[in-house]
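One structure is given below, encoded as structure tokens.
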Amino acid sequence: MRILLIHSDYIKYKTKSKTKIAEEIDDENKEGEFKNSLVVFTAVEKEDEKNPDSVVENAAIEIADIFSKIGAENVVIYPYAHLSSSLSSPDAAKKILHNIEAHLRADDLNVARVPFGWYKSFEVSCKGHPLSELSRTILPEKTDTQPNEEQHIQKSKFHILNKGRLYKVDEFPYQTSDFEKLVDYELDRTKSSGEEPPHVKLMKEKNLAGYEPSADIGHLRWYPKGKLIRDLLADYVYNLVTERGAMPVETPIMYDLEDEAIRVHAEKFGERQYRMQTKNKELMLRYACCFGAFRILADTFITWKNLPLAIYELSTYSFRLEKSGEVVGLKRLRGFTMPDLHTVCADMEQSMQEFNNQISMCSQTGDDLKLNYEVIMRVTADFLKENREWVFQAQSIIGKPIIIEILPKRKHYWICKMDFAAIDYLGRPMENPTIQIDVESAERFGITYINHEEEGLNPIIIHCSPTGSIERVIGSLLEKTAIKMAEKPPMFPVWISPTQVRVLPIAERHLEFALHLADDLMKQNIRIDVDDRPETVGKKIRNAGNEWVPYVIVVGDKEFESSQLMVNIRESNEKMLMSSDELIDLVHQDTYNMPFRKLPLSLKLSDRVNF
RNA sequence: GCCUCAGUGGCUCAGCCGGUAGAGCGAUGCCUUGGUAAGGCAUAGGUCGGGGGUUCGAAUCCCCCCUGAGGCUCCA
């Protein structure tokens, strides 16, 4: 329900002629005038029909609240269809308006209601003080409160699935603490220690990202090193999915809520959307790439020969209006970047096959990023019943025990999904990759394909994010370093490290040699820089350590003469003597098959700025 | 969104039962010309998150707001 509230000196109206949906009225109600009134222009919407009582209640509370603040004498309820493009049925509207009137009257307010369904002339005089013009959107409570009991009975069941066997969660012999932590979290048993996740501090300390106070909360600024890492990860996912046949696309970030399919899909997301009103349209900012992908697929002629068909987009950005208290560091943001792959499959069999491929793809990202994922599979009871064997083999692809959540009924658009989570420093999961079988959207968005028999059918769509949001990946990498910090020096995987090799010339006379060396390595696609600042070697070593540089070379007279380099290897914390070619090989081994971008910072550290 | 705590030079923090701001790092300059995790000296740098109030006087006490963290809730 949409309402527009005007605190007026007076309002006058006069009925002119009936519409088809007009309510019957007495002569005395054919015209009227009310002094010092809160006029409530009201449009009842389709959505309100789901739970009319709750809308009535919420509207009455809101109106009474404003009424009490402004000191008007009357409330005038004025039916005004033009506030919404999605009106309820006239009967439902009449009933709801009538009930609001009755409800307010029961609160001892003077209430009048202007007739519904008539063409009317009216005149309103707005007082013009700050509270004299307000608008509100009244939402029904989420359908019904009564089925509480039912919901209780319909709780999900959790089991552990391993090697073709289902275990009760308490009877499973846990081998790893990460997995146990995920189980605890899913079962609501995680004890919070009240600490702050270390990645928040690290992202700022390492000059990767920071908060932007002039934006909304949960929107970050990225400094050159962080931006480089984002781009490398973006390249990585791009290669990963295109090598498997997906076609990259790019779609708009905002959508018109007038589009029925968009609106329904968006409504499911509830309050968590950024919306904006332009002159003629109400728009929403996307919270995933689904909207654009589905619209493309709906407009594409697809036959069974094209399937499975995958399109890919990196959403820079997706927007979710998370509650302010829920936004944390890189873990939960209002603006974030999500690789989003949508695969059109002909039928369930094909989807399951494709799902298997995507399990391997998601697991691969764990290896490449050196992150440990724990896995939870969520299925509806019906799906499990029909596809028990397939579900069990899906676990075998993971190769270690997983949690399985069995939902008694389908709640969402998917019937089967798999979430991969890295466990953070505080023992809580950070959800990263995900795969979902969507059985609902194709129909809603009008996506069809032509089968062998030349019939048009709605396909099944698999949503997949092979790494999860880029911000969370970076967050997980930082959390991991914090966990391991006690055992070994923290660092990123070499292919992600902004500086891969740093050269430390001992004295000024070694600078030329150092720059020369850097030039050679740069030509081999290695991100290298030179610490030419007039500091002691000890201090430069320390700085390189603080920046997590994987390889550090000190060059002086000895190196110049022998062309053998003393390389400090962070990973193993040892020093090794090698030639520059051997060092190149070593870095190339570390970064084999991974994307490369040049270092977008000056070669000499003395030229750099600190962010 | 709710409850609790916090916001002081670029960074990390001290000062907080009211009397006009302090350290370390960093930066800049000079000295040191060097061999593996902080060389020395000096200088600059602050509307004490923002607004209002109490007071002769507020970083300090009170109120409102903004931002951050933790918890709750939530994460389709």
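Just so we're on the same page: letters track the sequence lines, and every chain starts at 1. Since the model is a prediction, treat every value here as computed from it, not as a measurement.
- Base pairing analysis places B:C61 opposite B:G53; the two distances defining the Watson-Crick or G-U wobble pair are each below 3.5 Å.
- With both pairing distances under 3.5 Å, B:G46 is matched to nothing as a Watson-Crick or G-U wobble pair.
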Scoring nucleotides 64-72 of chain B by protein non-hydrogen atoms under 4.0 Å (B base, S sugar-phosphate only, - none) yields ---SSSSSB
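- Taking atom P on both B:G24 and B:A44, the two are 14 Å apart, rounded to the nearest angstrom.
- Figure legend. B:G9 is base-paired to no nucleotide; pairs are counted as Watson-Crick or G-U wobble with both atom distances under 3.5 Å.
- Taking atom P in both B:U60 and B:C16, one finds a spacing of 13 Å when rounded to whole Å.
- Across all strands shown, B:C41 is found opposite B:G29 as a Watson-Crick or G-U wobble partner, with both distances under 3.5 Å.
- For the C1' atoms, the distance linking B:U43 with B:G9 amounts to 14 Å, nearest Å.
- Taking the six-membered ring wherever Trp is involved, the centroid distance between the rings of A:Y211 and A:H219 does not fall below 6.0 Å.
- The gap from the C1' atom of B:G18 to that of B:G53 amounts to 15 Å, rounded to the nearest Å.
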Under the salt bridge (Lys or Arg N to Asp or Glu O under 4.0 Å) rule, what do A:E479 and A:K331 come out as? Steps first, then yes or no, please. CA-CA 10 Å; A:E479 289 290 321; A:K331 196 170 180 178; over 6 Å; no
With 3.5 Å as the limit, what N/O pairs link the protein to nucleotides 6-10 of chain B?
none

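- There is a side-chain donor-acceptor pair under 3.5 Å between A:D216 and A:Y274.
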Across nucleotides 41-52 of chain B, 5' to 3', mark each nucleotide with B, S or - according to how protein heavy atoms within less than 4.0 Å reach it. ------------
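- Within the nucleic acid shown, A:Q436 has no heavy atom closer than 4.0 Å to any nucleic acid atom.
- Rounding to the nearest 0.5 angstrom, the gap separating the CD atom in A:E547 from the CZ atom in A:R570 is 10.5 Å.
- Note on A:K540: nothing from the nucleic acid sits closer than 4.0 angstrom, heavy atoms only.
- Between the side chain of A:K484 and the main chain of A:M491, no donor-acceptor pair closer than 3.5 Å is present.
- Not one side-chain nitrogen or oxygen of A:K417 sits closer than 4.0 Å to the OP1 or OP2 atom of B:C75.
- Comparing A:N610 and A:E431 against RNA chain B, the residue whose closest nucleotide sits nearer the 5' end is A:N610.
- Contact annotation for A:K539: backbone-only contact, meaning every heavy-atom pair under 4.0 Å involves sugar-phosphate atoms and none involves a base.
- The nucleotide B:G35 finds no pairing partner, because no Watson-Crick or G-U wobble arrangement with both distances shorter than 3.5 Å includes it.
- With a cut-off of 3.5 Å on both Watson-Crick or G-U wobble distances, the partner of B:C2 is given as B:G71.
- Nucleic acid contact for A:R334: none, since no nucleic acid atom lies under 4.0 Å from a heavy atom of the residue.
- Here the CG atom belonging to A:N432 is positioned 10.0 Å from the CG atom belonging to A:D419, to the nearest 0.5 angstrom.
- Aromatic ring pairs are classed by plane angle as parallel below 30°, tilted from 30° to 60° and perpendicular above 60°; the pair A:H265 and A:Y287 is parallel.
- Residues A:H342 and A:Y312 place their aromatic rings such that the two centres sit no closer than 6.0 Å.
- Separating the C1' atom of B:C17 from that of B:C3 is a span of 27 Å, rounded to the nearest Å.
- Residue A:N543 is out of contact with every strand shown, counting any heavy-atom pair closer than 4.0 Å.
- Searching all strands for a Watson-Crick or G-U wobble partner of B:A21 with both distances below 3.5 Å returns nothing.
- Close placement of the A:F291 and A:Y255 rings is indicated, their centers lying within 6.0 Å of each other.
- Aromatic rings from A:H199 and A:Y425 are positioned such that their centres are separated by 6.0 Å or more.
- Contact annotation for A:F560: no contact, since no heavy-atom pair falls under 4.0 Å across all strands.
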